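What follows is a short report on a single structure.
In this text the structure is predicted, and so the values were computed from the model without any measurement. What's counted below: heavy atoms across the whole structure, side chains too, no hydrogens, waters or symmetry copies. All chains are named by letter (A, B, ...) in the order of the sequence lines, taking the proteins before the strands, and each is independently numbered beginning at 1.
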Amino acid sequence: MDAAARDADEALVAIYTAHYRSLVRLSALLLHDVPAAEDVVQDAFVAMHASWKRLRDTDKALAYLRQAVVNRSRSRLRHLKVVDRKAPSLLPADARLHMPSAETGAMAAIDRAHVLVALRSLPQRQREVLVLRYYSDLSEAQIADAMGISTGAVKSHASRGMTALRQRLEQTS
Amino acid sequence: MSADDRDVRLEELLRTSLYDEAETIVPAGDGLSRIQGRVTTRRARAAWWHPMAALGGVAVVAVAGFAAYALTRSPAHPSTLQTSNNGPAPTPTPDASVPTPSAPSVVKPTFPSSAFYPFTSEAAEKQWVAQDGPSKQPWILDPTLEAKMFVASFVQQAGVDEVFGSAHIVGRTATVTLGRTLHDGNRAIPVKVTTVSLTKFDQAWLVVGATDAGGQLKLTSPRSGQALTSPAFVAGPGYGNDESVQVDVRTISGVARTGDIQPVAFGNGVPQWSTTVPFSAADPRGAVVAVELSMADGGPARITAVGVKFATVQAASYPQYFYGVKQGRVTKFSASTGDPVSYLTPAEPGGGASDPQLVGDQVFYLDGAGTCVNALRSVPVAGGAPTTVAQPDPGYVISGFGMHGPTIAAMFETACTPAAGQPQGLLVARDLAASTSHTIPFPSFPPMVVGDPTWAADGTHVVTVVRTGTQADVRQYDAFKAATADSGTPACSIDAGLGLPNVAHVDGTGTAWVAIQTGSGMQVVRCAGGQLSPAFTVTGTDTPADLAVADNGQAVLLSDTSGAVWRWTAGSTVVTQVQVSVPQPQLTW
C-alpha cells in the first residue's frame with residue numbers, strides 16, 4: 001500500500017472517530033430513519049475516502065462529508081416518497097408522540113415531540129437549514145456550502161422555516 | 001413576552017428538541033468496519049480494473065491498428081485478420097506487481113461508552129454469557145424487559161411498567177417508553193414517564209440513558225459518558241412552574257451518593273437549575289438520575305438518567321505510621337495494618353497517655369496521673385524521655401489541646417469541681433517560648449468546646465467545635481484577644497440539617513476538616529475559602545471521636561468513640577477500616 005493510500009485510511013479512521021456519530025444523527029434528523037441514515041453516512045465516507053487525494057485536509061473532508069450527507073439524505077427522501085406513494089396508507093409514524101405526558105405543565109403543550117413533528121412537516125429545504133443551523137450549529141456560509149445554495153437563500157429558508165414552525169406549533173397548542 | 005423573546009424561546013426550544021432527539025440516536029458499532037470493508041472491496045476492484053484497463057487499451061489500439069491495416073491492405077490478404085481472431089480471447093491474469101487486496105479488516109465492536117446497566121464492561125458481559133446468564137436472566141436479552149428492570153431496580157421507582165407502543169428497535173439500538181396509570185379522582189390517566197435508550201452489545205441489551213418522555217426534565221450537565229469527580233455538578237433547563245426534582249448518583253451496586261438526597265426546586269422563569277451531589281463510587285460507571293414526582297399522586301412523573309464514568313483520580317499515599325495509645329503508652333502503629341510497632345513512652349501505673357498529636361518530630365500528649373490531674377507532655381518520635389510542656393490551671397484538667405508548632409498551645413480546660421463564680425471551662429492559649437498566655441472563659445456549659453481545639457494557619461486564631469445544647473458549630477476565636485465564649489465567629493458554615501459537627505482539624509494548608517455525625521453515619525467535610533466540600537463518609541451509627549489529617553491534606557484518619565479507625569486518602573473513592581489491635585479513639589499521623 002502506498003503512502004497516499006495509508007494517509008487516506010488513517011484520515012478515514014480519524015474523521016470517523018470524531019464525526020461519524022454526529023453525521024448519522026444529522027442524517028437521521030433529516031430522514032427520520034436511523035438505518036437509512038447510517039447507509040447514507042457510510043456512502044459519504046466511502047466517497048470521501050476515494051476523494052482523499054483531492055481533499056487532503058480534515059476541514060475540507062468534513063465539509064465534503066456534510067455536503068454528501070445532506071445531498072444523499074435528500075435523494076433518499078425523494079426515493080422514500082416515491083415508495084410511500086405506492087405503499088398502502090399507514091398511521092402516521094409520529095402518532096405515538098402525541099401521547100399525553102406525565103404532567104401538564106406550561107411547556108407540555110409545546111414539547112419536544114410537537115416541535116419535531118412540526119419540523120418534519122416543513123418543506124425540505126427549510127427543514128435542512130433549520131437542522132444544520134440548530135443541531136449542527138453551522139454558520140450561514142457553512143450551511144450554504146453544505147446545501148449548495150447561496151447565503152441569501154439560507155437566510156430566506158431559515159426565516160420562512162421559523163415562521164412556519166411557529167405557526168404550526170401555535171395551531172397544535 | 002415580546003416578539004424577540006418568542007423568537008429566542010422558539011430557537012432554544014428547537015435547539016434542545018433537536019439535541020435531545022439526536023441523543024437518542026445511537027449508531028450501530030460496526031460502522032467503521034462496514035466502511036473499511038467497502039473501501040477494501042473498491043480497492044480490490046480497482047486493482048483488477050487497472051490491468052484490465054491496460055489490456056483493454058492495448059486491445060483498442062490493436063483493433064484500431066488492425067482496422068486501419070485491414071482498410072489499407074488489399075482484400076487479397078484477409079488471412080492475417082482471420083488468424084488473429086482465432087481461438088478464445090486470452091484470460092487476463094492479475095499482474096504480480098499489483099498487490100493482492102487484503103481481506104477486509106473487521107473492527108471488533110467496542111463496549112458502548114455510555115452503557116452502565118446491567119453491565120459496565122465488556123468483561124462483565126462476557127462473564128455473564130460464560131456463566132449461562134442468557135438462560136438465567138433472559139430479561140437482559142429483551143429491551144422491553146430490560147427497560148422495566150432498569151426503572152424498577154436501578155432507578156428504584158416502582159409501578160413504571162406500562163409500555164407505550166412497543167420497543168422501537170433499529171439495528172442494535174432500541175428505545176422503550178414506559179409509564180404508568182395516574183389515578184386522579186375517578187379518572188385513570190395513562191402517563192408516559194421515561195424513554196429508556198438501549199444498545200445491544202454481544203448478546204446483552206445495555207441501558208445507555210433515559211429521557212423524560214415529555215421532554216421537560218432534562219439534564220444539561222453532566223453529558224452522557226462524561227467522567228465525573230465528586231461532587232457531581234448537575235444542571236438542567238428550568239422549564240415549567242413549581243417543579244421539584246430529586247437528583248441521585250447511582251451505580252449497579254446501589255446508591256453512590258454520600259449525603260442525603262436534596263430536592264431541587266426549579267421553574268417559574270428561572271432559566272436553569274443546578275445542584276451538586278457528593279458521591280463515592282466503587283464501580284467504574286453509573287448514572288446521574290433525576291426523578292420528578294407527580295403533584296397529583298406523589299408517584300414518579302418524569303425520569304431522566306445520564307450514563308457517566310467515574311474519573312479515576314490517582315489516590316494519594318498516606319504516611320507509613322500513625323500514633324495512638326496502647327496500655328496507657330504512646331505507641332507507634334503501622335498505618336496499613338494497624339499493628340503496633342513500638343512504644344514511645346514508658347508504662348505508668350495508675351495513669352497514662354491519651355490524645356497523642358504529632359508535631360514535627362515530637363508527639364504531644366496528655367498524661368494523666370490520677371483523678372483530675374494531668375499535664376501536656378511531649379516525647380520525641382525517635383525515642384527519648386518525655387518532657388512536661390504545660391500544666392492546666394489549678395483546679396482544672398486539660399480535656400483537649402492543639403499545637404501550633406512546638407511552642408504555641410491551645411488547651412481547653414475543664415473545672416474538676418467548679419466553685420461558685422468559677423468558669424466551668426477555659427480556652428487557654430499559651431506561647432511557651434514567650435511565657436505569655438490568654439484565657440477565654442466559658443462560664444457554664446453549654447456552650448462548651450468539644451474535641452481538640454486546632455490552630456488556623458495564621459497561628460493567632462483557634463478553631464473549635466462549640467456545642468450549644470443540641471446544636472454545635474465550628475467557631476474561630478482570636479486566641480490571644482477574644483474575651484468571651486460568645487465572641488467566636490463561624491469558621492465554617494455547616495447547615496444544621498447536615499448533622500452535628502464533632503471534631504475539627506486544620507491541616508498545614510489551612511483547610512479546616514470537620515467530622516460530622518449525620519443521620520446515617522459519619523461524614524468528613526473540607527472547608528476552605530468559605531466553600532464546603534465533602535471528602536468521605538462512613539455509614540453506620542457511630543459518633544466521630546478524633547480526626548487526624550496529614551499536613552498536606554492528602555490523608556485522613558477518622559476514629560469513632562468506640563475506637564474503630566478509618567483511613568482515607570485524597571482522590572480515593574474508598575474508605576478503609578484499619579484493623580487496629582486495640583481501640584484507638586484518639587490518634588494522630
- Item | Side chain / backbone / both / neither for B:R34 at chain A, heavy atoms under 4.5 Å |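 Contact with chain A: side chain only.
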- Task: Under 4.5 Å heavy-atom distance to chain A, tell me which part of B:E12 shows up: side chain, backbone, both or neither.
- Result: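 Neither; nothing under 4.5 Å.
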- Item | Validation row: A:V13, B:Q36 side chains within 4.5 angstrom (heavy atoms) | yes
- Message: For a 4.5 angstrom cut-off between non-hydrogen side-chain atoms, does A:M162 reach B:E11?
- Response: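 Yes. Closest side-chain heavy atoms under 4.5 Å.
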- Measuring from A:R166:CZ to B:L13:CG, what's the distance to the nearest 0.5 Å? 11.5 Å
- Task: Working to the nearest 0.5 Å, report the span between OG1 of B:T173 and CD of A:E38.
- Result: 7.5 Å
Search all heavy atoms of [X] against all heavy atoms of [Y] and return the closest pair with its distance.
{"X": "B:Y19", "Y": "A:Y135", "answer": "OH-O, 3.6 Å"}
{"X": "A:L130", "Y": "B:L18", "answer": "O-CD1, 4.1 Å"}
{"X": "A:L116", "Y": "B:S17", "answer": "CD2-O, 4.1 Å"}

- Item | Enclosure of B:R15 CZ (heavy-atom neighbours >12, cutoff 6.0 Å) |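 Atom CZ in B:R15 is packed in, count exceeds 12.
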- Pair B:E21-A:R120, salt bridge (charged side-chain N to carboxylate O under 4.0 Å, His left out): steps then yes or no: CA-CA 13 Å; B:E21 178 70 3; A:R120 283 175 200 130; 3.6 Å; yes
- I would like to know whether A:V115 and B:T16 meet side chain to side chain contact (heavy atoms under 4.5 Å, CB included); could you show each step before the answer? CA-CA 10 Å; A:V115 172; B:T16 54; over 6 Å; no
- Tell me the residues of residues 21-30 of chain A whose non-hydrogen atoms fall below 4.5 Å from those of chain B, in number order.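 At a heavy-atom separation under 4.5 Å, chain B is reached by A:R21, A:V24, A:R25, A:A28, A:L29.
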- Close approach to chain B in residues 43-64 of chain A, criterion heavy atom under 4.5 Å: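 Within residues 43-64 of chain A, the residues that come under 4.5 Å of chain B (heavy atoms only) are A:D43, A:F45, A:V46, A:H49, A:A50.
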- Task: Keeping the roles fixed (side chain from A:Y16, backbone from B:L32), state whether a donor-acceptor pair exists under 3.5 Å.
- Result: yes
